[in-house]
Protein chains: 2
Amino acid sequence: MPSRTSPARAASRRVASSIDVVILTPRGRRLLVLLTRGPARSRERWQLPWHPLRPADTIDDVAAQLARRVLGTRPSLVEQVAAYGDRRRHPAGADLSVAFLALVESESAAGADKNSAWFPVDDLPPLPPRQRAMLEGVLTSLRVRIDQSPIAFHLLPSTFTLTQLQEIYELLLGRRLHKASFRRSLHAAWLVEPTDEWRSEGRGRPAQLFRYAPRKRRGGRRGVRFGI
Amino acid sequence: MPSRTSPARAASRRVASSIDVVILTPRGRRLLVLLTRGPARSRERWQLPWHPLRPADTIDDVAAQLARRVLGTRPSLVEQVAAYGDRRRHPAGADLSVAFLALVESESAAGADKNSAWFPVDDLPPLPPRQRAMLEGVLTSLRVRIDQSPIAFHLLPSTFTLTQLQEIYELLLGRRLHKASFRRSLHAAWLVEPTDEWRSEGRGRPAQLFRYAPRKRRGGRRGVRFGI
DNA sequence: GAAATAGTGTCTCTTAGACACTATTTC
DNA sequence: GAAATAGTGTCTAAGAGACACTATTTC
């Protein structure tokens, strides 16, 4: 049974909390994360952007504002992933930290602030232990949810070629996909619609541009897959 | 950029936090959740079991101990789902609450404490607003993850019939499954192995008992399904 | 023309679901 | 035997992957 502490007494037991954001963008065949320098006395250590949580705050608001401030522009997606309340060290000394995922397309990823820089997620400087765990957790949840949720589209501009889209999926899944099969599945899911624009990248046949335009789902019936 | 507050100052900004658990068990064709009565002055209102978080605590430990205390036995799974830090009302007056899922098989679900009772998840008494949202969130995440994670097995005793297992999946997914197809998929996933016991439920042919015994995964290759 | 990239048609193999069947128990 | 439940064999349709092809651009 939970302790029968009254709300007033419970409110006097307070913990230091932080909101931490993992801001991701694609660049070429790599996924980049935005890190900021710690305060001067922590000697140039890189950290995930974080902000302390205060009693009147809403975690989603704090995360959205933090991401926007560091990035210099509004990310296309900000979403909570998980809470971390182990005893690992956090730069804010927080007892409890909530990890958020933020996604930006690469065009908008240029204007990050002076104290921040992009790092490939597979080649990172040392991070505070809890933030390291938060980053791993966010990346794992990204891979797990990629085919249930339109995550990939948040990493692309509003119009894009199907090759670009496939490259994002390959980046997030960490493996190559079959071109014809990818396009058939995409068509069957009614997730994109063609525009009447075409983009020529210099060499080769120009590609048609598409936009994300999900149509209503067809029943959603499917068997149990048991993780396969 | 995050504010450059020093760890010492940040730690002085504290919020009231709680750990809340959604404890679930199957009964017949329904899923039940364990609720406890609020403190006397809150007039018999039902609540999710919760416990305040203190600075030295680990959220997983608090959740595990809380679930065990209310349930009278150790749940077979305790897992974090999400943090809730909106301004909705919480019985502890918490600014930030972390929702946990706990699962028990029905045999062990009997010994819950005197101030608690089981309610069908589709027929609940009024709950504090944040706890209502937490319960919805936990149930949604359960349905989303059921085929990626061996959740169903935590709602069954260590040996079970395949009909029992299928009924758990049908309960969680909210729809009927095809018997032969369900068994073929299960066999292909190498998740269960037969025991040499059989159980007769009175009428009809006795069913063979199986146990959860996952074998190593076959590659895990599959195409992108785009949520279909 | 060659090289490069975009996009498609067809075949095969796997598998989900339907259907119908067999098997084993209680009454 | 009838009723009830467990468990399986076969067909079909959908879809993923392989392969090979066509289409359109730059050089």
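This structure is a prediction, so every number in the text was calculated from the model and none was measured. Below, read A as the first sequence line, B as the second, and so on, with proteins coming before strands; counting in each chain starts at 1. FYI, side chains are in, hydrogens and waters are out, and symmetry mates aren't considered; it's all heavy atoms of this structure.
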request  = Please name the pair of heavy atoms, one in A:R29 and one in A:L171, separated by the smallest distance, quoted to 0.1 Å.
outcome  =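 The answer is O-CD1, 2.9 Å.
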A:L124 and A:R132 have their tightest heavy-atom pair at CD1-NH1, 3.7 Å
Whole Å only: how far is the [atom1] atom of [X] from the [atom2] atom of [N]?
| X | N | atom1 | atom2 | result |
| --- | --- | --- | --- | --- |
| B:K179 | D:dG9 | NZ | C1' | 13 Å |
| A:L162 | C:dT8 | CG | C1' | 13 Å |
| B:L186 | C:dT15 | CG | P | 14 Å |
| A:F182 | D:dG17 | CZ | C1' | 15 Å |
| B:L209 | D:dA6 | CG | P | 12 Å |
| A:R183 | D:dA16 | CZ | P | 15 Å |
| A:Q166 | C:dA6 | CD | P | 10 Å |
| A:Y169 | D:dA16 | OH | P | 13 Å |

>> Angle between ring planes, A:W50 versus A:H90, binned at 30° and 60°: parallel, tilted or perpendicular?
In response: perpendicular
Fit a plane to each ring of B:F119 and B:W46, take the angle between them on a 0 to 90° scale, and name the class: parallel (under 30°), tilted (30 to 60°) or perpendicular (over 60°). perpendicular
Item checked: side chain to side chain contact (heavy atoms under 4.5 Å, CB included) assessment of A:L34 paired with A:V104 -> CA-CA 11 Å; A:L34 188 59; A:V104 225; over 6 Å; no
For [X], report the nucleic acid contact type (base, sugar-phosphate, nothing); a contact means any heavy atom under 4.0 Å.
| X | result |
| --- | --- |
| B:A207 | sugar-phosphate |
| A:T163 | sugar-phosphate |
| A:Q208 | sugar-phosphate |

Item to complete: Taking only the side-chain heavy atoms of A:H178 (C-beta and beyond), determine which of C:dA6, D:dG17, D:dA6 contains the nearest atom.
Response: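 Selected nucleotide: D:dG17.
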Ranking C:dA6, C:dA18, D:dC19 by distance to the side chain of B:R184, first place goes to C:dA18
Can you tell whether the side chains of A:D113 and A:R69 come within less than 4.0 Å, N to carboxylate O?
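Salt bridge flag = no for A:R69 with A:D113.
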Q. Are more than 12 heavy atoms from other residues, nucleotides or ligands located less than 6.0 Å from atom CZ of B:R74?
A.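 For B:R74, atom CZ is not crowded (no more than 12 foreign heavy atoms under 6.0 Å).
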Pairs under 3.5 Å (Watson-Crick or G-U), crossing ones as [ ], inter-strand ones as |: DNA chain C comes out as |||||||||||||||||||||||||||
Check: Going by atom types alone, do B:S97 and B:R130 pair a side-chain donor with an acceptor below 3.5 Å?
Finding: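 Checked: B:S97/B:R130 side chains pair up, N/O donor to acceptor below 3.5 Å.
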| Is there a donor in the side chain of B:S18 and an acceptor in the side chain of B:D20, or the other way round, less than 3.5 Å apart? | yes
Next item on the list: Please state whether the phosphate of D:dA16, meaning OP1 or OP2, lies under 4.0 angstrom from any side-chain nitrogen or oxygen of A:S185.
Entry: yes
Pairs under 3.5 Å (N/O, protein and nucleotides 21-25 of chain C):
residue: C:dA23; atom: O4'; partner: B:R205; partner atom: NH1; Å: 3.3
residue: C:dA23; atom: N3; partner: B:R205; partner atom: NH1; Å: 3.3
residue: C:dT24; atom: O2; partner: B:R205; partner atom: N; Å: 3.3
residue: C:dT25; atom: O2; partner: B:G204; partner atom: N; Å: 3.4

